[in-house]
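Reviewing the structure listed below.
Read the numbers this way: they start at 1 and go in the same order the structure lists the ligands and their atoms.
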Amino acid sequence: MVHKKLLSWVEEIKNLCGPEQVVWCDGSEAEYGRIMNKMVEDGMAVKLNQAKRPNSFLFRSDSSDVARVENRTFISSKNKDEAGPTNNWIAPDELKKTMSDLYRNCMRGRTMFVIPFSMGPIGSPLSKIGIEITDSPYVVVNMRLMTRIGSKVLEALGDAGEFVKCLHSVGAPLEKGQKDSTWPCAPIEKKYISHFPDDRLIWSYGSGYGGNALLGKKCFALRIASVQARDEGWMAEHMLILGITNPEGKKKYFVAAFPSACGKTNLAMLIPKIPGWKVECVGDDIAWMKFGSDGRLYAVNPEAGFFGVAPGTSMGSNPNAMMSISKNSIFTNTALTEDNDVWWEGIGYDAPKGRIIDWTGAEWDRSGKKLAAHPNSRFTASASQCPVIDPEWENPQGVPISAIIFGGRRAGTVPLVYQARSWRHGVFIGSIIGSEVTAAAIGLKAGVRRDPMAMLPFCGYNMGDYFEHWLELGRKRDASKLPSIFCVNWFRKDENGKFIWPGFGDNSRVLKWIFERADGEGQAIDSEIGFIPADRAIDLSGLNIDSKMLKLLFRIDVNEWREEIESIREHYKRFGSRLPKELLEELNLLDKRFSRNK
Ligand code: TSX
Ligand code: MN
């Protein structure tokens with residue numbers, strides 16, 4: 001291989017970071033085993049019970065390094081306006097200077113790994129290649145499950161192919177003879193998750209955790225890719241992709257975007273409650289989408305694995321995820337049982353007898369208040385292990401998308417499901433989604449925290465321009481070939497604060513209506529907010545729900561919506577003059593429809 005630009009970049013980083021040695025990852029199973037065994041020997045990983053959970057490992061992070069750090073995440077565009085009002089910005093020259101000083105000899109005493117990886121099936125026209133340089137062996141083993149890595153990627157790159165440069169260091173150089181910690185990282189004020197969109201460059205420093213360190217995922221596949229998508233006319237979205245087949249064998253694909261804690265992974269692998277229907281999973285987090293020559297929108301999952309939140313995942317909530325992580329998996333910050341298996345809150349059974357080691361490494365007090373697993377503890381598993389992985393999940397052409405679903409966690413106001421009147425109206429719906437938060441959760445006023453298209457922390461440029469990009473993609477297109485856009489809310493509550501809708505597998509009833517609507521069938525009535533299911537259009541067979549609750553599930557309350565409209569106006573102010581006027585027009589139309597019905 002003589003990719004001169006790659007070789008000279010690796011040389012440059014080696015000289016800057018001063019590692020003890022450089023290893024080019026081939027992506028083989030043998031390499032994976034070697035790196036894992038070394039980490040077990042060094043006390044950084046625990047090998048789990050081989051009989052119960054074959055070839056699986058547990059890591060415990062530093063207690064200061066447990067999640068993405070949004071306040072240390074930067075979009076370093078040429079100017080602040082380009083990054084927009086929702087991103088942190090530092091001028092590129094200044095940030096590069098600061099970080100170069102941090103990177104200087106930061107890998108002392110460590111191995112520098114070079115990981116060639118492909119986001120998307122290798123060689124697909126929708127895929128892109130990245131190279132992650134990291135001093136974290138934990139990153140290497142996770143990247144092998146989450147992406148396609150190794151020699152075959154270098155082959156695809158050739159001697160002049162384009163790649164996104166991803167530099168990562170845990171930011172903890174080792175002095176001679178210094179004993180390494182089990183989770184090296186830097187203090188919060190030295191953590192930087194930086195993106196240089198104009199250089200297609202990612203610089204991450206100081207954290208070893210998840211989205212801060214596995215740079216293919218949020219940093220590349222969303223933040224940098226969203227900029228590439230804008231420039232190249234496609235979409236990089238924070239969406240699951242699922243295939244759904246009706247009893248006649250007709251199949252459609254949907255994508256869906258939700259803010260965090262709405263159960264995206266659960267929906268992606270759902271087991272339908274209605275007989276004869278089947279859901280299969282293409283991806284649970286990210287969709288890269290492009291219009292084909294036939295005018296339809298096609299999606300690929302750029303990832304090759306799941307990096308899911310463990311707590312709450314059980315045989316009840318998501319049996320397919322539980323089976324996906326039955327072997328060859330990595331766990332981070334879950335609890336450890338006495339027989340060397342993992343456990344977490346909401347796994348569906350009480351912690352087994354014997355000593356439980358919590359995520360901090362201490363013995364867990366069962367009667368105490370502390371959690372055994374960190375609320376953001378994770379599993380990593382290859383998508384190929386999912387029992388309902390879609391047969392087309394690695395199709396290089398992608399899968400054709402019939403519906404785009406937005407959602408959020410709303411106790412009131414938003415009905416179980418409604419359909420946008422048009423692409424433009426659908427973009428409006430996507431731009432206002434959000435979840436209700438309690439005062440305690442944000443330490444501020446309780447209310448709706450809006451997370452447009454679930455991209456608020458992941459858009460690599462000005463979000464006003466991002467809305468415009470969505471609108472632009474729908475213009476001058478054959479509307480009959482565009483996916484229909486829907487909004488769902490599984491989380492509506494009754495006056496006693498109880499969830500009205502059973503959710504989970506019963507959400508297949510909603511997916512069925514969406515399927516039928518996308519198919520030109522399915523009965524709907526026009527409402528102020530869009531098309532809602534006609535009476536009895538949602539299949540409720542075998543479900544016990546009383547008619548009063550059903551009415552409440554679909555209620556559109558004028559006063560609630562007037563408040564909603566005011567709240568959307570506030571939300572829109574944030575984007576200033578970059579807010580496309582079409583979205584304000586949609587809001588004014590909504591306002592008018594409610595005023596008319598005074
Ligand atoms: O993932 C969820 N989904 C989507 C499933 C495909 N969750 C979990 C959210 C946290 C990640 C849900 N929680 C869903 C849902 O549809 N709905 C709810 C709310 C709910 C919780 C418990 C019950 C019902 C609804 N249980 C009983 O009524 C017994
Ligand atoms: Mn996500």
Side-chain angles (χ1 to χ4, degrees), residues 67-68 70 146 210-212 214 216-223 225-226 236-242 244 254-274 277 279 281 283-287 301-303 305-322 344-348 375-380 388 405 407-411 414 416-417 435-437 441 451 453-459 488-494 496-512 514 543-546 549 553:
R68 288 188 298 103
E70 287 183 14
M146 291 305 299
N212 299 331
L214 311 176
K217 196 177 179 65
K218 305 301 190 183
C219 297
F220 180 175
L222 290 174
R223 298 197 191 97
S226 63
E237 300 298 330
H238 191 201
M239 291 175 170
L240 66 86
I241 312 168
L242 64 81
I244 175 164
F254 301 165
V255 290
F258 298 87
S260 59
C262 286
K264 219 164 97 194
T265 302
N266 299 341
L267 186 64
M269 304 175 190
L270 167 139
I271 300 175
K273 278 283 176 71
I274 38 181
W277 287 75
V279 166
C281 176
D284 79 330
D285 198 34
I286 302 175
N301 174 9
E303 302 190 279
F306 309 119
F307 185 69
V309 173
T313 306
S314 69
M315 285 306 283
S317 67
N318 193 340
N320 286 317
M322 291 301 280
W344 49 77
E345 282 75 16
I347 199 172
N376 193 38
S377 57
R378 299 282 170 153
F379 55 76
T380 319
V388 294
I405 304 171
R409 198 183 247 273
R410 300 292 302 267
V414 181
L416 179 63
V417 58
S435 287
E436 241 137 272
V437 281
D451 182 1
M453 283 82 170
M455 282 290 278
L456 202 61
F458 305 118
C459 187
V488 299
N489 175 25
W490 319 132
F491 301 95
R492 201 153 183 177
K493 289 179 174 175
D494 68 14
N496 301 316
K498 265 197 68 188
F499 289 115
I500 304 172
W501 182 248
F504 300 96
D506 284 301
N507 292 338
S508 55
R509 302 171 191 282
V510 174
L511 297 182
K512 178 181 174 182
I514 293 174
L543 183 68
N544 212 341
I545 182 165
D546 76 46
M549 284 300 147
L553 203 50

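For atom 1 (O) of ligand 1, the closest heavy atom belonging to the protein is N266 ND2, 2.8 Å. When hydrogens are left out, the protein atom nearest atom 4 (C) of ligand 1 is N507 ND2, 3.5 Å; that is the closest non-hydrogen contact. The nearest protein atom to atom 8 (C) of ligand 1, hydrogens excluded, is given as F504 CZ, 3.6 Å; this is a heavy-atom distance. Of the protein's non-hydrogen atoms, F499 CD1, 3.8 Å is the one closest to atom 21 (C) of ligand 1.
Distance remark: protein heavy atom not present below 4.0 angstrom from atom 28 (O) of ligand 1. In this structure, atom 10 (C) of ligand 1 is in close contact with the protein, since a protein heavy atom lies within 4.0 Å of it.
Residues F491 and G408 share a closest heavy-atom pair of CD1-O, 3.6 Å. K273 and R509 get closest at one heavy-atom pair: CB-NH2, 4.2 Å. Counting all heavy atoms, side chain and backbone alike, A221 lies closest to A225 at O-CB, 3.3 Å.
By the ring pair (Phe, Tyr, Trp, His ring centres under 6.0 Å) test, W501 is found to be paired with no residue, residues two or more places apart in sequence or in another chain being considered.
For D285, the N, O or S atom closest to the Mn ion (ligand 2) goes by the atom name OD1. Considering just the N/O/S atoms of H238, the one nearest the Mn ion (ligand 2) carries the name NE2.
A tilted orientation is assigned to the rings of F379 and W344, their planes being inclined by 30° to 60°.
When the shell of 6.0 Å around CG of D546 is examined, it contains more than 12 heavy atoms from other residues, nucleotides or ligands.
Residue R409 has no N or O atom closer than 3.5 Å to an N or O atom of ligand 1. Any N or O atom pair closer than 3.5 Å counts here, and W501 shares no such pair with ligand 1.
Contacts between P502 and ligand 1, counted as non-hydrogen atom pairs separated by less than 4.0 Å, involve the backbone only.
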- prompt: side-chain contact (heavy atoms from CB on, under 4.5 Å) between K218 and H238: does it pass, once the steps are laid out?
  reply: CA-CA 9 Å; K218 305 301 190 183; H238 191 201; 3.0 Å; yes
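With respect to the salt-bridge test (charged N to carboxylate O, under 4.0 angstrom), the residues E436 and R409 do not qualify.
Rounding to the nearest 0.5 Å gives a distance of 8.0 Å between CG of L270 and CG of L242.
Nearest to atom 18 (C) of ligand 1 by heavy atom, out of F491, W490, F258, is F491.
The closest approach between any non-hydrogen atom of K264 and ligand 1 is not below 4.0 Å.
At a threshold of 2.8 Å, the Mn ion (ligand 2) has a backbone or side-chain N, O or S atom of K218 nearer than that distance.
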